[in-house]
Amino acid sequence: MSNKNNRRQQILETLASELQMKSGARITTAGLAAAVGVSEAALYRHFASKAQMFEALIEFAEDAIFNLFAQIIRVEKKPEDRCYQLISVLLRFAERNPGIVRVLVGDILVGEDERLRMRATRFFDRIETQFKQVLRERNLTEVGEVGQEEIANGAQLLLSVVLGRFGRFVGDNFKQSPAVNWTPQWEMLNKGLFGQS
């Protein structure tokens, strides 16, 4: 990895750390530059704007999450196991990357470029699409076809669970893991969505 890529990575890691440690506070380029140990001008040699830095964090989240999703889809065959594992991956990612979760839920994006909020929204749209795909595939493996409206409602419910847990994690300044009590709560969801416990 080149020195330029190393510095970019260092900037992003520091930004994610600052977002976690300064929950509820705005991050300035001056403060970020000081935390990295470089000048603001040096930051701008690697990123044209703070918005570009936030976008790079969203891209990191997308790459990490959707690579893991692909692995789950390859390994897990039952739709209910896939849904459980997909959400588990999201909750573990959030637990390990609290600063990035602030970006994804839009907490830090208030007052930033609207394009960033739309970018974060597209991230969650992709997750909802993945849930829909898993629920559609259920029709191919189980007796009794599930309607499109039920599939859409199920996917929205699963996404709402993720968004709710992410929002609470950010809202309580990362005190409680977003994965706390996830397994017993999944058992309730599983019963409602798949008729299983």
Side-chain angles (χ1 to χ4, degrees), residues 16 19 23 54-55 57-110 112 114-142 145-172 174 176-197:
L19 288 166
S23 182
F54 287 142
E55 191 161 15
L57 291 179
I58 295 171
E59 286 172 5
F60 168 78
E62 282 180 333
D63 290 344
I65 291 296
F66 292 105
N67 283 334
L68 291 168
F69 274 18
Q71 292 174 32
I72 289 166
I73 297 303
R74 277 195 304 273
V75 172
E76 300 291 350
K77 300 307 176 196
K78 294 170 68 176
E80 58 271 27
D81 293 340
R82 285 179 171 180
C83 288
Y84 173 75
Q85 292 298 336
L86 293 174
I87 296 177
S88 296
V89 157
L90 288 162
L91 300 180
R92 284 193 302 268
F93 178 87
E95 189 172 49
R96 293 176 185 145
N97 300 279
I100 295 176
V101 176
R102 279 191 73 194
V103 177
L104 294 174
V105 300
D107 169 72
I108 194 68
L109 301 181
V110 174
E112 297 290 341
E114 182 61 22
R115 182 179 57 82
L116 279 174
R117 295 178 69 79
M118 296 306 296
R119 185 79 164 76
T121 297
R122 283 197 309 272
F123 170 79
F124 289 110
D125 287 345
R126 284 184 68 188
I127 291 169
E128 185 175 359
T129 298
Q130 182 69 73
F131 288 141
K132 283 180 184 174
Q133 184 60 39
V134 169
L135 294 174
R136 270 192 209 101
E137 288 171 6
R138 177 180 176 208
N139 284 344
L140 303 175
T141 59
E142 297 182 15
E145 189 167 322
V146 178
Q148 293 304 309
E149 187 175 345
E150 189 175 341
I151 288 169
N153 287 338
Q156 286 178 353
L157 174 62
L158 294 173
L159 181 63
S160 295
V161 168
V162 172
L163 288 169
R165 284 173 168 269
F166 279 17
R168 183 167 184 183
F169 187 46
V170 170
D172 77 356
F174 318 119
Q176 181 172 278
S177 164
V180 70
N181 296 324
W182 165 234
T183 298
Q185 289 174 16
W186 168 251
E187 289 169 6
M188 297 170 72
L189 275 171
N190 192 14
K191 187 173 183 181
L193 283 171
F194 298 99
Q196 297 178 26
S197 59

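These numbers come from a predicted model, not from an experiment. By convention here, the first residue in the shown sequence is residue 1.
- The shortest side-chain heavy-atom distance between Arg115 and Glu55 falls under the 4.5 Å cut-off.
- Note: Phe93 and Phe60 have tilted aromatic rings, judged against thresholds of 30 and 60 degrees for the angle between ring planes.
- Counting only heavy atoms from C-beta outward, the side chains of Ile87 and Val162 approach each other to under 4.5 Å.
- Using a 4.5 Å heavy-atom cutoff, the side chains of Phe124 and Leu90 are not in contact.
- Here the side chain of Arg102 pairs no donor or acceptor atom with the backbone of Asp107 at under 3.5 angstrom.
- To the nearest 0.5 Å, atom NZ of residue Lys132 and atom CD of residue Gln156 are 6.5 Å apart.
- Between the CG atom of Leu135 and the CZ atom of Arg82 there is a distance of 11.0 Å, given to the nearest 0.5 Å.
- More than 12 heavy atoms of other residues, nucleotides or ligands lie within 6.0 Å of CD in Glu114, so this atom counts as buried by the packing criterion.
- The nearest pair of heavy atoms linking Phe194 to Cys83 is CZ-SG, 4.0 Å.
- With Arg165 contributing its side chain and Val180 its backbone, the two residues share a donor-acceptor pair below 3.5 Å.
- When all heavy atoms are compared, the tightest approach of Leu104 to Ala61 is CD1-CB, 4.1 Å.
- Looking only at side-chain heavy atoms (C-beta outward), Val134 and Ile73 come within less than 4.5 Å of each other.
- In this structure, Leu158 and Leu86 have side chains that are not in contact, with every pair of non-hydrogen atoms separated by 4.5 Å or more.
- To the nearest 0.5 Å, atoms CZ (Arg126) and CZ (Phe69) are separated by 9.5 Å.
- Ring geometry, Trp186 versus Trp182: the interplanar angle falls from 30° to 60°, so the pair is classed tilted.
- Interatomic distance, Arg119 CZ to Arg117 CZ, rounded to the nearest 0.5 Å: 15.0 Å.
- Note that CD1 of Ile65 is 9.5 Å distant from CZ of Arg92, once rounded to the nearest 0.5 Å.
- Exactly one residue among Val170, Val103, Asn97 makes a side chain to side chain contact (heavy atoms under 4.5 Å, CB included) with Leu19. That residue is Val103.
- For the atom pair CD of Gln148 and CG of Asn153, the computed distance is 11.0 Å after rounding to the nearest 0.5 Å.
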Given the rule in the salt bridge (charged side-chain N to carboxylate O under 4.0 Å, His left out) test, do Arg122 and Glu62 qualify, once you have shown the distances and angles that lead to the verdict?
CA-CA 10 Å; Arg122 283 197 309 272; Glu62 282 180 333; over 6 Å; no
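- A heavy-atom distance below 4.5 Å is found between the side chains of Phe66 and Ile127.
- The shortest non-hydrogen separation linking Pro178 to Glu95 is CG-N, 3.9 Å.
- A 4.5 Å side-chain heavy-atom check between Tyr84 and Asn190 finds every atom pair outside the cut-off.
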